[in-house]
Amino acid sequence: MSSEEKSSTMSQKISSPSHSNSSSSSKHDSRQVSDSWEIVEGLRGGLSNVQEPEKQAGYMLKKRKWPMKGWHKRFFYLDKGILKYAKCAADVEKGKLHGCIDVGLSVMAIKKKAKCIDLDAEENIYHLKIKSQELFDEWVSKLRHHRLYRQNEIRASPAKQSSLHSPVSFTSQAKVTAWLQSSDDMDRCTKELSVCEAQLLELNHLLRSMEVLHRTCSAPAINALQASTYDSPKKEKRHPRKWRPKNYGKDNKTTLQVIRDLLLKQDSRPLVHQVSNESRASITESLSEFFDAQEVLLSASSSENEVRMKSHLFCQSHKCAALSVNAVGAPELCFSFSACVENGGSQEQRRSCLPSPSPNTSNISLWNILKNNIGKDLSKVAMPVQLNEPLNTLQRLCEELEYSELLDKAAHTQDPFERMVYIATFAVSGYASSYYRAEGKPFNPVLGETYECDRPDKGFGFVAEQVSHHPPISACHAESKDFIFWQDVRWRNKFWGKSMEIVPVGTTHVVLPGFGDHYEWNKVTSCIHNILSGQRWIEHYGEISIKNSNSEKCQCKVTFIKAKYWNSSMNEVEGAVTDHKGKVVHKLFGKWHEGMYCGSPPSATCIWRTNPMPPDYEQYYGFTKFAMELNELDPLTKPLLPPTDTRLRFDQRLLEEGNVESAEEQKQRIEQLQRERRRVLEENHMTHQPRFFQKSKDDTWVSNNTYWELRKDPGFSNLDCPVLW
């Protein structure tokens, strides 16, 4: 990113435009504004003469930090843009602070009717409330003044940041961004580093392509090639990095050209792959020694021949890796409590890479899209197709069954407390695939859209349908000889300025017919951080409560622990299985993106571990191997699918194939068709009736058990189905 872009980012951050500047000529307009969140306007333009504000102190209500609920009264002290708070005024004077907020570096939003103030300070979101309207107006006025003063101070003397109030912590990005505004030399440095990075990335991928050639009989040895192109230090004698010499660019271009020529010479030779995990490990190790930048598949200067050749090599490499896994075979599941479930079940030959890598999204300004939606539900906000991943919400529900072997194992476990351990671990495993997926969002299904996933290798058949559009509700049902799984899920999305919370509403059900058990549990809150800048990351926090509605013999509670900025530990999960008296029978712990254990360290037993990620997963939306298989359209399966199946949706398929422009056009066309269908229904006073799901007595959506029968006889091609795209 150039300094101009970084400066623009800082300007957006400091002078966040308010969406409340619309005309308030009518009482209706002013009432509408007061009912919604308003972003407080920051410093505009360059430096200005902002008078030093007066200090402000007093009590406000602050929302308790998770997992506690409700509000508590705290004393706040505002001085020169720094907001300190403690239990009382005496604690502030003694320095016994509960926290400290830099108002100038926070996104501030207010809701006048509710008298609420939100400060998004990156690490935490502070929710404040004032009962008195007069005090609310006074605090808002003071916070505005202090915020402008603090932002002006940051712009006027960036170097002064490190010597300000010691309790205040600044993000590295804010420091660098402010520094870059007054630095001319950094422009040239940034451009040179960008060119250097691009060349390193291209060299990285050329070497990765050579890995495939290394496994052929006709290709030269890659070790000899590396030795001829540059002298690399040994791993155990790594020297400090030095600035590149003047002739670096020339030598680097020569290196790239040598590798290109060798690769192009191999284009006409047949590739006879040899399965070798050792060669893959050695190449990965040698590459990681020199290259730690984010990978890209192809550079802008690559020729068409190189594009075809490299794409072929990457896909062949992934297929070869998949064959090596299948050749070894998945570990056999033995139904004992000591076994750890991973890579369970035999697998058919399925694809192991997507047709095209994920597109570049660096040119999209999320701030321009989201700035007017602070505190609002984002499900109704249109997003560019580049921000999507080539899967939709119905397929995301199916991803929760990636580790369905845990349910199979529970169905073959006699002890009810051990069964609960496997059920609880299954509930945690459904979050594992989200670890690398913070950069993209799934497609929103249109009303009536369906998805089936028939997996004989895993022993289950899955069906999902979008049963409601406003509010969006997705229902799914899966069955195997060992279990029945179903849920209907609704989401509430809230954007808070720097982060977005996803709050699911609904209950997940699993029935084990062999024991008559019916398990029910809720989902936890998910939060995506650094929405506008920095490296995005996702966390889940809250408590899952699991009960067996047909037996009170045991229950389980699993807590997803919220990350703390002063603690490096993240993604931790703790739980306990208890009997009907509340006595702990089994303790659970682990990390939702790695694995779960039962017992106490160091003698704990591994219950489940995540499957290894496929090669180059960062380039392919962070998908797991199971996720890559979900949108695969088998020629033998295609005639059996209803025309409403997600895999037949044009925009999603085009994005998967890398055709972003056509995908955006089709996305807008499909959304317009949905609006027209909704208008026709409203004009005729009709409501949409889901085809494969129906409402139960408790107002939840359950399967009507007709999908697989209709698929078999008379077949969906002989039925009247809606045209969705």
Legend entry - Trace of the side chain to side chain donor-acceptor pair (under 3.5 Å) decision for Glu618 with Tyr436: CA-CA 8 Å; Glu618 304 99 330; Tyr436 297 103; over 6 Å; no
Rounded to the nearest 0.5 Å, how far does [atom2] of [Y] lie from [atom1] of [X]?
{"X": "Tyr451", "Y": "Asn392", "atom1": "OH", "atom2": "CG", "answer": "9.0 Å"}
{"X": "Asp408", "Y": "Thr413", "atom1": "CG", "atom2": "OG1", "answer": "10.5 Å"}
{"X": "Phe515", "Y": "His412", "atom1": "CZ", "atom2": "NE2", "answer": "8.5 Å"}
{"X": "His509", "Y": "Tyr519", "atom1": "NE2", "atom2": "OH", "answer": "14.5 Å"}
{"X": "Arg350", "Y": "Arg455", "atom1": "CZ", "atom2": "CZ", "answer": "3.5 Å"}
{"X": "Glu418", "Y": "Cys554", "atom1": "CD", "atom2": "SG", "answer": "11.0 Å"}

Does any non-hydrogen side-chain atom of [Y] lie less than 4.5 Å from one of [X]?
{"X": "Phe560", "Y": "Tyr431", "result": "yes"}
{"X": "Tyr597", "Y": "Leu588", "result": "no"}
{"X": "Glu389", "Y": "Arg396", "result": "yes"}
{"X": "Pro442", "Y": "Asn388", "result": "no"}
{"X": "Lys625", "Y": "Glu629", "result": "yes"}
{"X": "Cys556", "Y": "Trp521", "result": "no"}
{"X": "Phe426", "Y": "Phe483", "result": "no"}
{"X": "Thr624", "Y": "Tyr617", "result": "no"}

Legend entry - Any donor-acceptor pair under 3.5 Å from Thr507 side chain to Asn522 backbone: no
Legend entry - Under 3.5 Å donor-acceptor, Ser696 side chain and Thr700 backbone: yes
Between [X] and [Y], does any side-chain donor sit less than 3.5 Å from a side-chain acceptor?
{"X": "Glu501", "Y": "Tyr541", "answer": "yes"}
{"X": "Glu574", "Y": "Thr559", "answer": "no"}
{"X": "Asn548", "Y": "Gln555", "answer": "no"}
{"X": "Asp482", "Y": "Ser480", "answer": "no"}
{"X": "His529", "Y": "Ser499", "answer": "no"}
{"X": "Glu465", "Y": "Thr450", "answer": "no"}
{"X": "Gln395", "Y": "Asn631", "answer": "yes"}

Legend entry - salt bridge (charged side-chain N to carboxylate O under 4.0 Å, His left out) between Lys458 and Glu405, intermediate numbers included: CA-CA 8 Å; Lys458 287 182 169 288; Glu405 297 82 16; 2.8 Å; yes
Inset, instruction - Locate the shortest heavy-atom distance separating Ser429 from Leu406; write the atom from each residue and the value. - result: OG-CD1, 4.0 Å
Legend entry - Within 6.0 Å of NZ in Lys62, more than 12 heavy atoms from elsewhere: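 Above 12, so yes.
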Legend entry - side chain to side chain donor-acceptor pair (under 3.5 Å) between Asp118 and His127, intermediate numbers included: CA-CA 5 Å; Asp118 276 10; His127 304 281; 3.1 Å; yes
Inset, instruction - Show your reasoning for whether side chain to side chain donor-acceptor pair (under 3.5 Å) applies to Ser356 and Glu656. - result: CA-CA 6 Å; Ser356 177; Glu656 183 184 87; over 6 Å; no
Legend entry - Stepwise salt bridge (charged side-chain N to carboxylate O under 4.0 Å, His left out) test for Glu572 and Lys562: CA-CA 8 Å; Glu572 291 189 341; Lys562 186 176 177 63; over 6 Å; no
Inset, instruction - Please determine if Arg419 and Asp517 form a salt bridge, counting it only when a charged side-chain N lies under 4.0 Å from a carboxylate O. - result: yes
Inset, instruction - Answer yes if the ring centres of Phe485 and Phe462 are under 6.0 angstrom apart, and no otherwise. - result: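 Ring-ring flag for Phe485/Phe462: false, centres at least 6.0 Å apart.
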Inset, instruction - Classify the ring geometry between Tyr435 and His593 as parallel (under 30°), tilted (30 to 60°) or perpendicular (over 60°). - result: parallel
